[in-house]
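For ligands, and for the atoms within them, numbers begin at 1 and follow the listed sequence.
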Amino acid sequence: MKVLKFGGTSVANPENINKVKSILGNQANEKIAVVVSAFGGVTDLLLSASKLASQQDLNFKNSLAEIEDRHISTIKELIPVTSQSGVLSKIKSELNTLETLLEGAFLIGELTPKLSDKIVSYGELLSSYIISEFLKAEGLDVAFKDSRELIVTDNNFGKANVDFKKTNTLCEAYFANNSNQITILPGFVASSSTGNSTTLGRGGSDYTAAIIAGAVNADILEIWTDVSGMYTANPKLVKQAKCVANISYEEAMELSHFGAKVLYPPTIQPVLGKEIPIAIKNTFDPESPGTLIAKNNNGNGKTVRGISHVGNISLLSLEGPGMIGIPGISKRFFETLSVKNISIVLITQASSEHSICVGIADEDVDLAAEAVNETFEYEISTKKIKPVILEKDLTIVALVGDNMKSHQGLSGKMFSTLGKNNVNIRAIAQGASERNISAVIKKDDVKKALNSLHETFFEENIKQLNLFVMGVGNVGSKFLDQIRQQKKYLKDELKLNVRVVGISNSRKMAFDENGISLKEWESILGNGEAADKKAFFERIKSLNYRNSIFVDNTASAEVSESYPDYLKNSISVVTCNKIACSSDFEHYKNLKHLAKQYNSPFLFETNVGAGLPIIDTLKHLIASGDKIRKIQAVLSGSLNFVFNTFNDSVTFHDVVKQAQEQGYTEPDPTIDLSGVDVMRKILILARESGHQLDIEDIENEPFLPEESLETNSNEAFFESLKKYEADFQKMYKDAADKDCKLKYVAQFEDGKAKVGLQQIPKGHDFYNLEGSDNIVLFFTDRYVNQPLIIKGAGAGADVTASGIFADIVRIGNF
Ligand code: ADP
Ligand code: ASP
Ligand code: MG
């Protein structure tokens with residue numbers, strides 16, 4: 001014999017019930033018991049109706065009307081008109097009784113646990129009856145049996161305890177004598193030996209099925225639900241979760257105990273002793289293999305089998321100097337909780353002799369605190385013990401696996417994963433069975449914690465990076481192109497799964513939690529919401545994803561001022577915007593400090609030399625113990641272009657104009673021509689070499705006449721260039737006469753930096769620098785005579801985008 005159970009979603013509506021029918025129709029011709037839940041959502045409706053009624057709120061009638069409608073419309077849709085009337089009149093009469101019960105609660109203004117169970121049992125009673133009549137009408141060989149006649153419990157309403165002796169006898173007798181192939185039974189409901197309706201706890205239909213399976217010694221118990229098995233984590237929260245094909249009873253029990261709702265925790269117990277396997281199957285994908293829970297089925301030595309979580313947890317701690325040496329404190333503490341019927345979900349390892357800390361359901365914790373404070377009233381009044389400390393809104397996340405005990409380092413890996421993602425751990429515990437390691441964390445961090453842990457333990461080291469890109473102009477759009485082109489390579493070769501979750505320009509912003517399609521980002525952004533920098537940040541913060549990276553492709557000071565907010569929320573920052581790193585030293589230092597403190601890299605490789613690995617090389621030199629003695633560099637692609645193009649056959653004005661038109665200069669060309677841009681770059685290199693420097697400390701001997709520098713529009717600036725053409729020609733001639741070329745050079749030596757135009761003789765490393773190329777010479781303790789040279793294109797959207805890309809990959813490997 002087989003026992004099948006169909007959950008709430010599987011029977012939520014006529015369409016789904018038809019799926020159940022075809023699953024049952026495909027069974028071999030053996031006897032089967034089929035346990036069904038209430039139609040999805042009906043139990044919640046019944047509970048809310050009862051609560052409203054007991055509060056004398058007439059709105060209970062709305063919930064009742066909805067319940068009635070769900071059942072009547074299902075009957076009308078499923079059962080042929082010819083046989084409808086009998087079913088309708090039976091159900092209507094049941095609904096009338098239900099209404100009377102709710103009215104009773106309304107009139108008295110009270111809901112006893114006994115009445116609550118009576119009311120809530122209607123969910124399963126109605127669904128099972130309707131389904132059995134439907135299947136009969138469809139020609140299946142079906143009987144209906146009320147589980148209250150088979151399962152006997154005590155009177156612990158809401159979560160009654162089963163009397164297995166009586167129950168097993170009743171079940172055996174019924175199924176031995178029943179000749180129908182299929183018996184439909186309501187899940188969740190039972191009755192006490194004194195004849196009251198009781199229930200087995202929320203999610204208890206699984207348990208009903210297991211009790212019957214155990215009693216009749218079934219060959220298998222099949223739990224049909226809305227997911228294809230037991231997953232490595234709740235698939236609704238962790239998209240990458242995978243179905244676990246095989247799992248042991250103990251592992252499944254531990255996972256369900258820690259919140260894997262797919263199986264109600266007590267379900268294992270009735271089948272465990274008889275070694276009846278449990279299959280978890282998907283009603284909506286019957287062909288998929290699902291999960292098999294069986295003895296010793298613990299996955300060929302794999303360690304972590306699943307991650308689950310229990311929400312709505314509070315920590316209650318009792319501590320005080322007076323606890324040391326007073327015997328029996330723990331006994332009194334645990335006794336107090338036990339007398340109040342409060343279950344303890346977790347006892348933390350943190351409990352030393354002078355503190356005890358337990359995890360309790362949020363709903364019980366106020367009562368628990370009151371009771372414990374009362375028990376220790378005397379010790380509290382004499383200040384030997386402090387009143388209990390409560391911390392609410394927490395969640396337990398647990399790693400589960402039978403083989404975890406024989407492996408070292410798992411808890412280290414777990415905690416470092418959480419730490420890296422800035423998930424604060426409030427308490428930890430490890431079951432004595434060593435089958436689980438649990439951490440108590442803040443409720444808001446759950447999704448992030450589950451996903452990071454899943455990544456660490458299950459995803460073949462594929463790391464998910466979540467990008468939020470502000471600025472999608474020249475550089476930004478190239479960057480998005482590069483991500484799109486390289487997505488597959490990044491995943492296959494570097495094990496990085498890069499997803500752009502948010503983008504913004506100055507007008508619009510758009511988000512997609514599944515990742516914005518990089519083929520259509522332009523239209524998606526065009527249809528996005530109005531851009532708002534603060535709202536952009538708030539959205540990223542509330543998404544609270546692991547490995548979030550804010551990419552700033554703007555040149556905006558306002559955007560650069562928001563970096564501390566990002567870093568403080570463990571959101572890494574990658575930027576080609578130079579403003580932050582060249583602003584005052586304290587600000588720069590603070591950003592570096594925040595990056596360290598919050599484990600959120602702050603990278604700005606493209607601030608100097610676009611995509612050239614200048615800052616990264618500098619960091620590596622320093623990390624390896626080298627010391628920077630001198631840096632000499634041509635760092636302005638724009639100025640290099642200008643002086644490479646300028647000669648006695650063109651005017652300086654025309655060359656600058658051309659540079660501006662071809663995008664080699666900033667929109668305001670004076671930023672380049674005044675040397676300010678180069679000052680910022682050498683400042684950043686000096687700071688990265690470990691020196692405390694500000695922009696005012698840099699010597700700058702301008703080559704432009706003061707008048708040109710002081711113009712306040714591009715037009716006026718270009719006009720002034722015309723006026724001073726003779727001076728520019730002289731500059732060129734002086735150099736050419738000495739066989740030299742003009743280069744705008746930045747230098748840093750002995751803690752001092754300077755920038756300015758220099759005549760570079762033939763043979764010098766700078767002499768042959770082409771187009772808009774950059775070059776940097778690092779003279780260090782190790783590179784004494786021959787400097788380490790980095791040279792190449794130092795400007796352009798493509799290379800800048802690739803520099804940002806490289807920073808993203810660096811974070812991926814972090
Ligand atoms: P039913 O109504 O069929 O009893 P439940 O809602 O009680 O279904 O349980 C199925 C749900 O359990 C899934 O939809 C899923 O959201 C949740 N769940 C939580 N953890 C897990 C897990 N590790 N594997 C599969 N499902 C899980
Ligand atoms: N209907 C009950 C509940 O929602 C029992 C179950 O579905 O397992 O809790
Ligand atoms: Mg369930």
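The residue among K5, H309, K261 with a heavy atom at the shortest distance from atom 4 (O) of ligand 1 is K5.
Between F144 and Y129, the two ring planes are perpendicular [angle over 60°; tilted spans 30° to 60°].
K448 and N544 share a donor-acceptor pair across their side chains, judged by distance under 3.5 Å alone. Q181 and E30 share no side-chain donor-acceptor pair at under 3.5 Å. For T183 and N178, the side-chain atoms include at least one donor-acceptor pair closer than 3.5 Å. S147 and T208 form no side-chain donor-acceptor contact under 3.5 Å, judged by distance and modelled atom types alone. D57 and N59 are linked by a side-chain donor-acceptor pair at a separation below 3.5 angstrom, with hydrogens and angles left out of the test. The closest side-chain donor-acceptor pair between D402 and S248 falls under 3.5 angstrom.
Atom 12 (O) of ligand 1 has V262 N, 3.3 Å as its closest protein atom, hydrogens excluded (heavy atom only). Looking only at protein heavy atoms, the nearest one to atom 4 (O) of ligand 2 is R202 NH2, 3.0 Å. In terms of protein heavy-atom proximity, atom 14 (O) of ligand 1 is closest to K236 NZ, 2.7 Å. For atom 15 (C) of ligand 1, the closest non-hydrogen atom on the protein side is N234 OD1, 3.5 Å. Here the protein heavy atom with the shortest distance to atom 2 (O) of ligand 1 is G8 N, 3.0 Å. In terms of protein heavy atoms, atom 23 (N) of ligand 1 is closest to Y231 O, 3.1 Å. Protein heavy atom nearest atom 6 (C) of ligand 2, with residue, atom name and distance: S205 OG, 3.3 Å.
Applying the side chain to side chain contact (heavy atoms under 4.5 Å, CB included) test between E455 and each of I462, T417, N547 identifies N547 as the sole match. Checked options I441, I307, N234, T232; the residue passing with L450 is I307 (criterion: side chain to side chain contact (heavy atoms under 4.5 Å, CB included)).
Taking a 4.0 Å cut-off on heavy atoms, D226 registers as neighbouring ligand 1. At least one heavy atom of G204 sits under 4.0 Å from some atom of ligand 2. Note on ligand 1: G229 sits in its first shell, one or more heavy atoms being nearer than 4.0 Å. Distances shorter than 4.0 angstrom do not occur between any heavy atom of G123 and any atom of ligand 2.
Considering backbone and side-chain N/O of K5, none are found under 3.5 Å from N/O of ligand 2. Any N or O atom pair closer than 3.5 Å counts here, and T225 shares at least one such pair with ligand 1. Polar contact check, G203 against ligand 2: a nitrogen or oxygen pair lies under 3.5 Å apart. On a distance-only criterion, S37 and ligand 2 share at least one N/O pair closer than 3.5 Å.
Between F258 and H309, the ring center distance fails the sub-6.0 Å criterion.
Two residues are said to be in side-chain contact when any heavy atoms from C-beta on lie closer than 4.5 Å; I151 and L170 fail this criterion.
In A233, the part holding a heavy atom less than 4.0 Å from any atom of ligand 1 is the backbone.
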